[in-house]
Participant: 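Take a look at the following structure, please.
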Amino acid sequence: MSESEIQAELERLRAENAQLKSKDKGGLTLKVSEKGGVSLYGMGRFPVTLYKNNGSASWQVRRRLRRSSAKRLQAEDEGVGL
């Protein structure tokens with residue numbers, strides 16, 4: 001590859017990288033199933049699903065939200081996007 005081809009490819013990859021980083025992640029979303037379960041998406045790789053008979057559900061959600069917020073703040077302090 002010539003120098004100009006390498007520069008063109010580098011610019012293309014930088015533009016693609018910037019586009020991927022700028023996509024909106026969607027934030028937190030809730031979905032309610034027919035069986036009464038509530039799934040919380042956007043806090044990690046997998047959703048958190050809570051069921052009606054789970055007595056400590058609200059405590060679990062608050063704890064996970066605090067962890068997620070703390071991780072997000074730490075990443076912002078370090079200059080890393082999530």
Side-chain angles (χ1 to χ4, degrees):
M1 289 182 109
S2 69
E3 184 71 28
S4 61
E5 290 175 331
I6 292 173
Q7 287 297 327
E9 180 69 10
L10 181 61
E11 289 304 317
R12 185 190 68 77
L13 290 172
R14 284 183 178 160
E16 182 181 344
N17 194 19
Q19 180 185 17
L20 291 171
K21 285 182 178 181
S22 69
K23 282 188 179 178
D24 185 17
K25 302 238 192 254
L28 296 176
T29 57
L30 287 173
K31 292 184 182 178
V32 181
S33 73
E34 294 177 11
K35 296 180 180 180
V38 177
S39 296
L40 179 61
Y41 292 85
M43 292 182 53
R45 185 172 181 180
F46 301 105
V48 176
T49 303
L50 307 167
Y51 297 96
K52 188 167 52 172
N53 61 355
N54 188 349
S56 63
S58 63
W59 174 79
Q60 290 178 357
V61 170
R62 285 194 304 264
R63 180 178 56 129
R64 290 181 186 264
L65 283 172
R66 279 195 304 270
R67 282 187 189 166
S68 177
S69 296
K71 286 180 184 178
R72 201 170 298 269
L73 288 173
Q74 181 181 6
E76 287 175 3
D77 288 343
E78 294 173 358
V80 178
L82 289 179

Participant: If you measure from OG1 on Thr29 to NZ on Lys31, what distance do you get to the nearest 0.5 Å?
Facilitator: 6.0 Å
Participant: What pairs with Ser4 under side chain to side chain contact (heavy atoms under 4.5 Å, CB included), at least two apart in sequence or on another chain?
Facilitator: Ser2
Participant: Under a 4.5 Å side-chain heavy-atom rule over Ile, Leu, Val, Met, Phe, Trp and Tyr, are Tyr41 and Val48 clustered together?
Facilitator: no
Participant: With the 4.5 Å side-chain cut-off for hydrophobic clustering, are Val32 and Leu30 part of the same group?
Facilitator: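 Val32 and Leu30: one cluster.
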Participant: Only counting residues at least two apart or in another chain, list the ones meeting salt bridge (charged side-chain N to carboxylate O under 4.0 Å, His left out) with Arg12.
Facilitator: Glu9, Glu16
Participant: Please enumerate all residues that pass salt bridge (charged side-chain N to carboxylate O under 4.0 Å, His left out) together with Glu11, with sequence neighbours excluded.
Facilitator: Arg14
